[in-house]
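Shown next, in structure tokens, is the structure this report addresses.
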Amino acid sequence: QVQLAESGGGLVQAGGSLRLSCAASGRTANRYTMGWFRQVPGKEREFVATTSWIGTNSYRAASADSVKGRFTISRADAGNTVNLQMNSLKPEDTAVYYCAAAPGVLLPTRLNEYDYWGQGTQVTVYS
């Protein structure tokens with residue numbers, strides 16, 4: 001079992017930055033692939049970024065085209081925390097952001113590849 005808790009959401013003006021964090025707890029949580037997804041009302045939850053463990057203090061990452069160059073995913077706290085640094089935010093980034101964990105070392109981008117989910121944190125970008 002892996003428990004996930006997101007933090008860091010809020011209200012920000014377009015062009016600004018926010019940093020989301022997700023703390024994972026549970027045995028071997030730091031070996032899980034951890035990702036971020038987002039969802040707006042009436043739409044499907046969509047992939048944002050993911051990062052997988054590939055060795056001691058080593059992780060690889062991937063992100064959606066819509067956020068490349070603006071969002072950066074990283075691990076901290078010996079891999080038990082995953083951060084999403086969001087820069088140059090746009091109104092279309094407004095959504096509830098969810099942290100998720102998946103077993104294995106691939107870089108999954110589909111919802112059904114993730115076994116554990118956090119409760120979500122709201123990000124609102126205004127122009």
Side-chain angles (χ1 to χ4, degrees):
Q1 285 280 349
V2 176
Q3 294 80 42
L4 303 172
E6 303 101 334
S7 62
L11 183 66
V12 64
Q13 190 170 21
S17 299
L18 276 177
R19 184 181 180 89
L20 305 183
S21 291
C22 175
S25 59
R27 195 172 66 172
T28 69
N30 59 349
R31 295 293 187 262
Y32 275 70
T33 289
M34 294 180 71
W36 287 96
F37 288 75
R38 65 186 182 186
Q39 187 171 25
V40 298
K43 291 191 176 182
E44 290 187 357
R45 196 169 295 187
E46 66 172 6
F47 167 74
V48 175
T50 185
T51 173
S52 296
W53 179 79
I54 56 173
T56 304
N57 296 323
S58 297
Y59 298 87
R60 57 179 179 175
S63 59
D65 289 342
S66 59
V67 304
K68 278 182 180 175
R70 299 189 300 123
F71 292 11
T72 301
I73 188 170
S74 63
R75 304 285 279 256
D77 188 26
N80 290 304
T81 297
V82 60
N83 297 314
L84 187 68
Q85 178 65 42
M86 305 185 295
N87 299 328
S88 302
L89 282 160
K90 305 174 182 179
E92 51 263 44
D93 294 318
T94 295
V96 177
Y97 283 71
Y98 295 90
C99 176
V105 297
L106 299 178
L107 294 170
T109 62
R110 294 179 293 187
L111 296 174
N112 61 5
E113 295 177 293
Y114 287 81
D115 292 342
Y116 303 101
W117 292 85
Q119 294 298 308
T121 184
Q122 176 71 47
V123 171
T124 302
V125 185
Y126 64 94
S127 56

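This chain uses plain numbering: 1 for the first residue, then up along the sequence. Below, all heavy atoms of this structure are taken into account, side chains as well, without hydrogens, waters or symmetry copies.
Listed for the T50 side chain is no donor-acceptor partner under 3.5 Å among the backbone atoms of L107. Using modelled atom types, one side-chain atom of Y114 and one backbone atom of P108 make a donor-acceptor pair closer than 3.5 Å. A donor-acceptor pair under 3.5 Å is absent between the side-chain atoms of Q119 and the main chain of E6, judged by distance alone. Here the side chain of T121 pairs no donor or acceptor atom with the backbone of Y97 at under 3.5 angstrom. Under the 3.5 Å distance criterion, the side-chain polar atoms of T51 are left unmatched by any main-chain donor or acceptor of S74. In this structure a side-chain-to-backbone donor-acceptor pair under 3.5 Å is present from R75 to N30. Side-chain N or O atoms of S88 include none that pairs as donor or acceptor with a backbone N or O of G15 at under 3.5 Å.
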Please assess T72 against Q85 for the test side chain to side chain donor-acceptor pair (under 3.5 Å), listing each intermediate value before the final yes or no.
CA-CA 5 Å; T72 301; Q85 178 65 42; over 6 Å; no

As a quick check of understanding, evaluate side-chain contact (heavy atoms from CB on, under 4.5 Å) for L4 and M34, giving each step before the final call.
CA-CA 10 Å; L4 303 172; M34 294 180 71; 3.9 Å; yes

Determine whether D93 and R70 satisfy the following criterion, side-chain contact (heavy atoms from CB on, under 4.5 Å), listing intermediate values before the conclusion.
CA-CA 11 Å; D93 294 318; R70 299 189 300 123; 2.7 Å; yes

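Considering all non-hydrogen atoms of both residues, T81 and A23 come closest at OG1-CA, 4.3 Å. In this structure, G104 and T33 approach most closely via the heavy-atom pair O-OG1, 2.9 Å. Residues G8 and L18 share a closest heavy-atom pair of O-CD2, 3.9 Å. Of all the heavy atoms in V96 and G120, the pair that sits closest is CG1-CA, 3.9 Å.
Connection of V2 to L20 is established within a shared hydrophobic cluster, with ILVMFWY side chains joined at heavy-atom distances below 4.5 Å, either directly or through further cluster members. In the hydrophobic cluster analysis, where Ile, Leu, Val, Met, Phe, Trp and Tyr join through side-chain heavy atoms closer than 4.5 angstrom, V48 is grouped together with V82. Under the 4.5 Å side-chain contact rule for hydrophobic residues, Y59 and I73 do not share a cluster. F37 and M86 end up in different hydrophobic clusters when Ile, Leu, Val, Met, Phe, Trp and Tyr side chains are linked at under 4.5 Å. Hydrophobic cluster membership differs between Y98 and W36, with clusters built from Ile, Leu, Val, Met, Phe, Trp and Tyr side chains linked at under 4.5 angstrom.
Put simply, the side chain of P103 reaches to within 4.5 Å of the side chain of Y32, judged on heavy atoms.
L106 CG to E113 CD: the interatomic distance, rounded to the nearest 0.5 Å, is 8.0 Å. Note that the SG atom of C99 and the CG atom of N83 stand 10.0 Å from one another [nearest 0.5 Å]. How far CG of N80 is from OG of S25: 8.5 Å, rounded to the nearest 0.5 Å.
Other residues, nucleotides and ligands place no more than 12 heavy atoms under 6.0 Å from the CD atom of Q1.
By the side chain to side chain donor-acceptor pair (under 3.5 Å) test, T124 pairs with Q122, sequence neighbours left out.
Between K68 and D65 there is a salt bridge, since a side-chain N of the basic residue sits under 4.0 Å from a carboxylate O of the acidic one.
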